[in-house]
Amino acid sequence: MRFRVSPIISGLLLASCAAIPDQKPRFTQRAVPRSAYPLVTDNAVKIGVSYQVAGQRYTPADTIDYEQVGLASWYGDELRGQRTANGEPFNPDGISAAHPTLPMPSYVEVTSLDTGRTILVRVNDRGPFHSTRILDLSIGAARQLGMTGHGARPIRVHRVYPSEIEKLTLRNGQSLPERTQSFGAQLAGFRNRTDWRMPVLASVRLPVGRGPFYLQVASFTSKSRATSMAKRLHADIDTLGEIHRVRLGPYESARDAHAALAPLAAKGYPDVRIVQ
């Protein structure tokens with residue numbers, strides 16, 4: 001049996017619908033732009049086993065409250081598209097970082113101890129394998145912190161657990177607004193921590209003997225990263241086995257080399273030393 005709605009009732013229903021204003025949702029979620037790297041996910045978190053690089057052993061761990069003060073450098077376009085340690089294609093414009101032991105992916109707040117600016121960063125690679133650096137940032141993260149004009153700079157790293165929308169934004173290669181900035185006593189407290197130190201150049205001993213002399217800025221197991229630094233400094237690369245050393249020079253005397261060492265270290269290259 002079919003039922004028919006009378007014209008009067010139908011008219012009342014239409015009038016009732018027309019009387020209800022066009023309502024918008026109370027909360028709207030911003031659409032996250034599509035990335036050039038659509039396969040990036042957080043589904044498989046990797047911790048990994050203990051490993052050794054250049055004689056130094058690293059043991060990955062799921063450190064819930066990880067927090068450290070140290071130095072960070074950055075790497076850029078020369079590695080675009082190459083696989084990170086957790087298998088993702090590297091996007092230098094994204095807000096990511098390499099850490100030797102934190103799970104991949106994990107999320108950290110990185111604070112510049114020069115400016116107090118703090119950003120959220122996604123860890124998706126291994127590194128830096130260096131005595132004084134605790135983090136390697138993508139050039140996108142370094143730009144957001146204002147670090148691209150320098151070498152290694154002091155930072156604070158603190159592991160955090162952001163919202164799903166924040167994770168999705170970083171996975172898609174986008175940046176998030178800066179976090180609460182550190183000021184005054186808090187920033188001074190980070191700077192005065194004893195778990196990191198910039199080099200004391202007054203204690204550098206001049207080598208004896210005849211030149212030429214060179215400034216060795218850093219050593220890398222990755223040729224791409226050595227090449228990136230060498231381009232920034234207009235330096236040369238000296239390769240010995242699997243180690244790629246970035247060097248400036250030659251200088252005729254050790255004193256000439258020493259005169260060039262101080263301003264270089266002040267720009268954020270704390271491991272620079274004079275070699276023959």
Side-chain angles (χ1 to χ4, degrees), residues 32 34-54 56-111 118-145 147 152 155-176 179 220-226 228 242:
V32 178
R34 275 189 166 274
S35 167
Y37 304 92
L39 299 179
V40 174
T41 73
D42 279 355
N43 293 337
V45 176
K46 299 179 181 180
I47 297 178
V49 298
S50 178
Y51 63 97
Q52 187 169 318
V53 176
Q56 176 68 42
R57 181 158 293 279
Y58 302 90
T59 303
D62 189 7
T63 308
I64 302 299
D65 55 351
Y66 177 89
E67 190 267 348
Q68 192 173 2
V69 172
L71 296 174
S73 188
W74 55 272
Y75 52 110
D77 205 62
E78 72 283 352
L79 299 177
R80 184 182 295 275
Q82 294 188 24
R83 295 288 171 181
T84 62
N86 71 340
E88 299 172 3
F90 174 58
N91 175 12
D93 301 311
I95 312 301
S96 64
H99 189 276
T101 60
L102 281 175
M104 298 179 298
S106 55
Y107 294 84
V108 293
E109 285 183 346
V110 180
T111 300
T118 300
I119 65 172
L120 184 65
V121 177
R122 185 172 182 267
V123 175
N124 68 344
D125 203 359
R126 285 285 177 242
F129 306 118
H130 209 273
S131 59
T132 59
R133 294 205 308 272
I134 61 172
L135 201 70
D136 268 351
L137 296 164
S138 67
I139 191 172
R143 284 194 193 107
Q144 195 178 10
L145 278 173
M147 287 177 47
I155 58 160
R156 174 188 182 246
V157 181
H158 180 215
R159 188 178 179 189
V160 293
Y161 302 86
S163 67
E164 291 302 318
I165 188 64
E166 289 175 315
K167 293 179 181 179
L168 180 60
T169 301
L170 292 186
R171 286 203 306 270
N172 279 278
Q174 310 300 310
S175 63
L176 289 162
R179 320 292 266 192
F220 297 89
T221 55
S222 165
K223 186 175 182 180
S224 296
R225 293 185 185 181
S228 176
E242 297 181 355

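The analysis underlying the following values was restricted to heavy atoms, covering all of them including side chains, and did not include hydrogens, waters or symmetry mates.
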**Message:** Regarding D65 and R159, does a basic nitrogen lie under 4.0 Å from an acidic carboxylate oxygen?
**Reply:** no
**Request:** Ignoring hydrogens and angles, tell me if any N or O in the side chain of S96 forms a donor-acceptor pair with the backbone of N124 under 3.5 Å.
**Result:** no
**Message:** Given 3.5 Å as the limit, does a donor-acceptor pair link the side chain of E166 with the main chain of S163, or not?
**Reply:** yes
**Asked** Got a salt bridge between R225 and D125, using NZ or NE/NH1/NH2 to carboxylate O under 4.0 Å?
**Response** yes
**Check: G94 main-chain N/O paired with S138 side-chain donor or acceptor under 3.5 Å** = yes
**Message:** For T111, give me all partners under side-chain hydrogen bond (donor to acceptor under 3.5 Å, both in side chains), at least two apart in sequence or on another chain.
**Reply:** T118
**Item:** Side-chain touch I155/L71, heavy atoms, less than 4.5 angstrom
**Value:** no
**Item:** Backbone of F90 reached by a side-chain donor or acceptor of R83 within 3.5 Å
**Value:** no
**Prompt:** Between the main-chain N or O of Y66 and the side-chain N or O of T63, is there a donor-acceptor pair closer than 3.5 Å?
**Reply:** no
**Request:** Could you tell me whether the side chain of R122 and the main chain of K167 form a donor-acceptor pair under 3.5 Å?
**Result:** no
**Main-chain N/O of R80 paired with Q82 side-chain donor or acceptor, under 3.5 Å** = no
**All side-chain hydrogen bond (donor to acceptor under 3.5 Å, both in side chains) counterparts of S222, not counting sequence neighbours** = none
**Message:** So which atom in A97 and which in L137 form the shortest heavy-atom distance, rounded to 0.1 Å?
**Reply:** CB-CD2, 4.1 Å
**Message:** Quick one, L170 and L176 - any side-chain contact, counting heavy atoms below 4.5 Å?
**Reply:** yes
**Request:** Examine distances only and state if a side-chain atom of T169 and a backbone atom of I165 form a donor-acceptor pair shorter than 3.5 Å.
**Result:** yes
**Message:** With a 4.5 Å cut-off on side-chain heavy atoms, are P60 and R126 touching?
**Reply:** yes
**Request:** Determine yes or no for a side-chain-to-main-chain donor-acceptor pair under 3.5 angstrom, with Y161 supplying the side chain and I64 the backbone.
**Result:** yes
**Message:** Going by the rule side-chain hydrogen bond (donor to acceptor under 3.5 Å, both in side chains), which residues pair with E109 if we only count those two or more places apart in sequence or in a different chain?
**Reply:** R179
**Short side-chain to backbone donor-acceptor contact, K46 and N86, under 3.5 Å** = yes
